[in-house]
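Working notes, structure below.
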Amino acid sequence: MKLGVVKAYVLKELTEIIRSRLIIMVYLMPTMVLVLFGYGIRMEVTGARTLIIDNDQSHYSQLLVSKFEHSKYFDVTIEKRGEAKALDEIHKAKNDILIIIPESFEKRLLHGQTTQIGVFLDAAFPTRGSTMESYVKGVVLDAAGQMLERLAGNAPTISINQRTLFNQAMRDEDAIVPGLIGLVMLIAPAILAALLIVKEKERGTIFNFYASPVSKSEFIAAKLIPVFLLHSINIFILFLWATYLFEVPFRGSFLLYWLTSELYLVISLSIGMLISIITRTQIVAVVLTVIVTIIPGFLYSGILMPISSMVGVSRYEAHIFPVMYYNHILYDVFLVGEGLASSKTVTYIFILALYAFSMLTLGSFLLKKELR
Amino acid sequence: MKIFWAVVGKELLSFIRSWQLVFVVLYAFSFEVYIAGSGIELKPRNIAVGYIDASGGGLSQKFLSYFHAPEFLEPILFESQEKLSQAVFDKEIMVGLVFDDTFEQNFRKNHATTLHVLLDATAASQAFTALSYLQNIAINFTARTFPVELVTHKLFNENADNHTFMALTELLSIVTLLSVILTAVVFVKEKEEGTWDIMLLMPVNAKIIILAKSFSQVIIVMVGIVISVGFVIFGVFDTPINGSFFAFLLLSFLYAFTGAGIGLFIAAIAKDVMQVAQLSIVIMLPLIFLSGAWTPIYAMHPWLQTFSLISPLRYYIEGTESIFFRGTPFLELYPYFLGVTLVGSVVYAIGFRKIGRLF
Amino acid sequence: MELNVENVRVYHKKSLGIAGASLSANEGEIIGFIGADGAGKSSLIHAIAGVIPFEGDVTFNGLTYHSPKEAEPLKPSIGLMPQGIGLVLYDLLTVDEHLRFFANIHNIKQDVTFKAYKLRLLKMAGLDAFQDRQAGKLSGGMMQKLSLICTLLHRPKLLLLDEPTTGVDPLSRIELWEILDEIRKSEGTISIISTAYMQEAAKMDKILLFDEQEIIAQGTSSELLDSVRAMSYVEGIKTQEPCIRTLHATYCLSPLEAEHTEPSLEALFFVNALQKGKKMPLIEITNKEKTVELPDVVMEAKGLTKVFGSFTANENVDMTLHKGEILGLLGANGAGKTTFIKMLLGLYPIDGGELTLLGKSIQTQEDRQALKASIGYVSQHFALYNDMSVEENLLYFASMRGIAMDVAKSRISRYALELGFDEYLNAMPHELPLGINQRFSLASALLHEPVILFLDEPTSGVDAIARAKFWELLKALKERWEISILITTHYMSEAEFCDRVVLLRQGKKIADHTIAEFYAEHPKAQSFEEIFLEYYR
């Protein structure tokens with residue numbers, strides 16, 4: 001490998017990236033995605049606008065109401081205008097939940113007769129609907145526990161003593177932001193790298209490579225190094241956003257985070273490079289990169305659902321995409337801190353390295369130094 | 001008027017001639033919508049559970065029999081607490097149950113019994129839901145029934161049909177994406193191929209050209225919407241529409257023009273198709289995230305909530321949901337129509353003026 | 001050191017690029033490739049350069065190769081400049097950055113000798129004053145010259161130039177030849193150059209004539225001319241025999257009772273066309289459907305000035321265009337010809353001076369709008385919509401100009417016949433040779449029967465036959481329609497077909513005479529090229 005040749009190409013790429021203002025995209029896009037998603041996505045529902053109609057006005061019904069009032073998940077208003085009016089409010093999307101406690105709630109409870117609490121909720125956003133439903137259930141079950149103790153005296157009860165690991169506060173930011181880093185570091189470098197070779201093919205400047213003594217490996221190195229250098233800075237920028245802006249804890253080794261991220265960067269670059277090698281026009285390259293990175297990146301990032309909950313095809317697919325391995329290490333360094341002590345981390349790093357190596361080999365195999 | 005239709009016809013012809021583009025657009029409106037609708041499952045299912053059992057096994061096995069599909073996978077037995085914790089750390093399981101030696105004894109003696117649970121809370125809302133499943137099982141298990149029944153009515157989307165919802169959200173995002181990019185590309189392609197000058201030399205009012213070109217792309221998007229709703233939403237997911245289909249089409253039409261307006265703005269700045277792609281991403285990402293497509297608006301940061309007022313997609317999404325799920329009557333949809341029209345006409349006017357300066 | 005090409009065959013996907021091509025060249029020789037568009041010149045150049053898979057043997061400097069991979073060890077001594085304006089340049093890099101980049105990828109030590117050589121190349125290309133300008137902002141001719149010097153930078157032993165002088169002005173072409181001559185003397189470089197300029201080909205050591213994916217003739221310039229001398233006669237002969245008539249000469253295979261003329265290399269094309277039994281489309285322009293009264297001066301520019309930032313593209317240019325006149329606008333690359341035409345068209349705002357078109361002073365956008373119906377324009381790139389067929393393109397332009405459908409259809413079919421592209425009406429523009437595209441661009445500019453035609457380098461890169469036909473056409477249009485034409489070109493031989501020629505240098509007008517006046521002023525000149533060079537030396 002002739003270093004002078006690589007250096008010449010790298011300088012040329014950097015000059016072009018800066019002059020074409022692509023550099024703004026390099027630093028704007030990852031940050032924008034992280035901040036917007038980080039602030040924008042809320043899996044949990046806090047402050048659901050809740051109307052409660054308490055037709056009983058008894059001790060027990062008020063105990064239940066106060067349970068709702070003390071939960072951060074609900075923003076309770078006691079509704080006195082009647083059921084029809086309350087339902088209308090939900091129809092107009094002004095409120096989300098309506099809870100109706102029937103008359104003689106307490107009386108029936110004390111007599112051991114079944115009473116029904118009516119819950120109406122806006123499920124136009126289905127996830128939100130389901131989440132709200134389970135919150136309502138949670139509050140009622142919690143209240144039930146207390147009421148049962150008073151009512152039942154000596155019956156056996158099982159109380160759940162949970163130790164939530166990794167994300168004790170159960171904050172959405174902690175759950176989402178590290179996963180987002182894995183997503184962003186997959187998409188942004190891949191899109192940039194996808195353009196670099198196909199752009200030369202479309203313009204015709206690829207002849208400079210075909211007709212010169214520049215070797216294939218020099219060419220690939222020259223194309224990847226600029227993007228690698230530029231995006232390496234993003235590894236630090238994203239880390240700072242995560243820890244300072246979103247206050248995600250960082251429990252692991254920074255060195256591990258940094259090195260694994262660089263390794264992962266090489267992988268996403270080589271995905272982009274592969275696409276660049278097989279496509280003919282820039283617009284096709286961009287669309288293809290978006291399709292192969294964004295959707296799997298999101299699905300298998302662990303943000304939406306744990307990989308352990310997947311079955312069948314999606315479980316295999318998850319193991320094919322590199323994002324799962326990287327995100328495991330990301331969640332480890334941010335929330336867990338096991339680091340290299342866990343054999344799984346070591347295995348995953350090894351898998352990532354193998355991934356990078358085979359992608360690069362495949363790339364230099366597919367890249368032809370001739371017109372087609 | 002004749003010239004208007006000549007331009008529209010020419011743009012539609014160009015579109016059809018480029019089979020790659022037709023393919024991408026059809027793909028986006030069909031498979032992409034379908035994949036989003038069928039692939040993403042937000043409610044926790046198949047939660048992987050592991051346990052260790054020091055209690056002797058009678059009662060614990062009975063307890064475990066409550067864990068069944070679709071919410072839970074078959075619980076896995078681990079040899080020691082270390083291995084159980086390790087499995088949670090390695091994300092092989094999400095929930096680890098510890099039945100200690102007092103579990104069965106206490107329960108038989110009618111004492112309060114404690115079940116220790118290790119929970120991976122990385123995905124917080126999933127963890128919360130999993131926890132409420134557990135609580136439910138615990139209460140059901142203690143034969144003492146709590147005589148309160150929750151009767152839940154999920155309004156508007158009775159089955160909490162995640163599929164249609166995700167498919168619709170994806171469709172609306174695609175409408176945004178394509179109305180912006182297609183319109184911008186129609187203009188920028190003329191710049192790239194050098195036909196721009198020829199266009200300027202035609203004895204035709206520039207306003208007619210701009211209007212006709214954006215209209216032609218709106219038609220393409222509208223056809224895409226009809227195909228998508230017809231085949232994917234009504235066909236594959238078999239979702240009824242509770243409101244007026246006409247109202248939805250009208251709202252989509254107005255919205256597509258808003259997108260075209262953004263496209264005009266981008267076309268005025270961009271020199272080539274590549275810059276169109278970049279600018280579109282930068283402009284559209286915030287637009288989509290501020291719209292409430294991913295998260296309810298009121299759950300956002302307060303200043304983001306204010307910003308979301310200027311996202312036309314917000315009105316489009318809320319309007320579409322109201323039409324599909326809430327079945328809101330036509331006249332009561334006026335806030336959404338007003339929002340799309342207002343934001344839309346401002347955006348289109350800005351784009352129109354900006355590109356008009358190039359003529 | 002010598003080059004041997006043995007029976008080379010190239011395929012593009014399934015279509016044939018070139019077949020059975022053999023040639024040999026000795027140290028220091030310059031080989032010329034001539035032939036129509038799509039005849040296989042580029043395919044052979046790509047094969048020799050080792051950038052495309054091929055069958056057959058190529059031997060250079062003792063090494064035989066059959067594939068791009070085997071050619072790899074030779075790459076340091078090969079220089080390739082592919083066809084296409086600015087194809088190998090990066091729009092955003094400056095001239096100087098290009099030279100440094102090309103030096104680096106060829107691993108050249110950038111010492112004093114290199115720097116001196118670099119400066120010489122820059123001076124030769126007239127780019128020394130533009131070292132900090134980005135390539136995307138150079139004119140087409142300057143881009144060509146930059147690509148060329150980038151190819152010469154590593155002093156290749158085998159130089160492959162695919163139409164390097166298309167769109168390059170005569171002055172730079174002479175400088176290019178000087179540098180080639182020097183390189184071949186000092187390095188013994190073998191050069192293979194394809195060109196559309198026959199005067200250029202005439203200077204080469206050996207010429208290969210390409211037609212329909214084959215090399216059909218080769219030899220020195222005089223050998224080739226000898227082969228066609230017997231078929232070349234003076235212009236304007238009337239005969240029943242099948243023959244081809246151009247503005248210069250008549251070509252006929254069977255002997256005629258007429259005076260012979262000294263052929264140029266262009267004759268090869270016409271004789272070959274005759275031998276293959278091809279007929280030239282007969283150029284016949286019917287009268288305009290309606291005639292309008294025109295002022296004697298259709299365009300008058302007084303002191304037109306255009307400034308881009310600190311750069312003055314046109315300074316105080318006066319020009320008049322009379323009714324029924326062909327006015328040639330000539331000048332070196334970057335002299336401001338295209339800028340001037342774009343100002344006349346209103347594509348660039350005028351920064352100073354006055355413009356009168358068809359007797360109306362142009363002040364506002366509205367003035368222009370009214371005149372658009374009277375003006376036709378063909379741009380440098382024949383800008384047409386590539387995803388619509390020829391006919392659809394023409395119909396679209398017609399409806400944009402408000403021409404009724406039936407009128408448009410009859411005009412299109414008439415032009416198609418008259419301009420000889422009727423068999424291509426359903427083809428897509430990008431599939432057609434440049435010469436056909438040029439004719440139908442002209443048709444699109446004529447659809448509304450304009451009275452003024454602006455043509456910006458309509459013949460660059462177009463093959464000899466198509467060019468000859470094009471000029472016949474312009475002449476017929478002028479005579480039949482009394483149309484006024486403003487045309488730019490880099491073919492000096494074409495200047496002789498103009499009624500009057502204006503020369504521009506660095507944005508200023510330096511001469512404005514009829515052809516006869518030019519010759520009168522320069523009695524020693526043999527051709528217009530020599531006159532042109534007088535003004536720029």
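Computation of the quantities below employed the complete heavy-atom set of this structure, encompassing side-chain atoms and omitting hydrogens, waters and symmetry-equivalent molecules. Just so we're on the same page: letters track the sequence lines, and every chain starts at 1. Computed from a predicted model, the values in this text were never measured in an experiment.
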Check A:R203 with C:D91, please: is the shortest side-chain N to carboxylate O separation under 4.0 Å? yes
State the OH-CD1 distance between A:Y9 and C:I105, to the nearest 0.5 angstrom. 5.0 Å
Out of A:V214, A:L371, A:V6, return the one with the most heavy atom pairs under 4.5 angstrom to chain C. A:L371
Rounded at 0.5 Å granularity, tell me how far CG in A:N208 sits from NE2 in C:H106. 8.5 Å
How long is the straight-line distance from CG of C:L80 back to OH of A:Y210, given to the nearest 0.5 Å? 12.0 Å
Over 12 non-hydrogen atoms of neighbours within 6.0 angstrom of CZ in C:F308: yes
Identify the two heavy atoms, one from A:E370 and one from C:P68, that lie closest to each other, and give their separation to 0.1 Å. OE1-CG, 3.1 Å
Find the distance between OG1 (A:T15) and CG (C:L92) and round it off to the nearest 0.5 Å. 9.5 Å
A:L240 atom CG, neighbour heavy-atom count above 12 within 6.0 Å: yes
Show your working on side chain to side chain contact (heavy atoms under 4.5 Å, CB included) between C:N107 and A:K2 and close with a plain yes or no. CA-CA 8 Å; C:N107 243 339; A:K2 299 182 284 291; 2.6 Å; yes
Is it the backbone or the side chain of C:P82 that comes under 4.5 Å from a heavy atom of chain A, or both, or neither? side chain
Decide, yes or no, whether a salt bridge links C:E72 with A:K369 under the criterion of side-chain N to carboxylate O below 4.0 Å. yes
Would you indicate whether A:F254, at its atom CZ, is surrounded by more than 12 heavy atoms from other residues, nucleotides or ligands within a distance under 6.0 Å? yes
Measuring heavy-atom distances to chain C, does A:E200 have an atom under 4.5 Å in its side chain, in its backbone, in both, or in neither? side chain
What's the separation between atom CD in A:E13 and atom CZ in C:F101, rounded to the nearest 0.5 Å? 7.5 Å
CZ of A:F207 to OG1 of C:T151, rounded to nearest 0.5 Å, is 11.5 Å
Answer yes or no: does atom NZ of A:K368 have more than 12 heavy-atom neighbours from other residues, nucleotides or ligands under 6.0 Å? yes
I'd like to verify something: which residue of A:K12, A:E16, A:K7 has the highest number of heavy-atom pairs under 4.5 Å with chain C? A:K12
Sort out for me which of C:N104, C:L160, C:L87 touches chain A most, counting heavy-atom pairs under 4.5 Å. C:L87
Counting heavy-atom pairs under 4.5 Å with chain A, the top scorer among C:E97, C:K69, C:H12 is C:E97
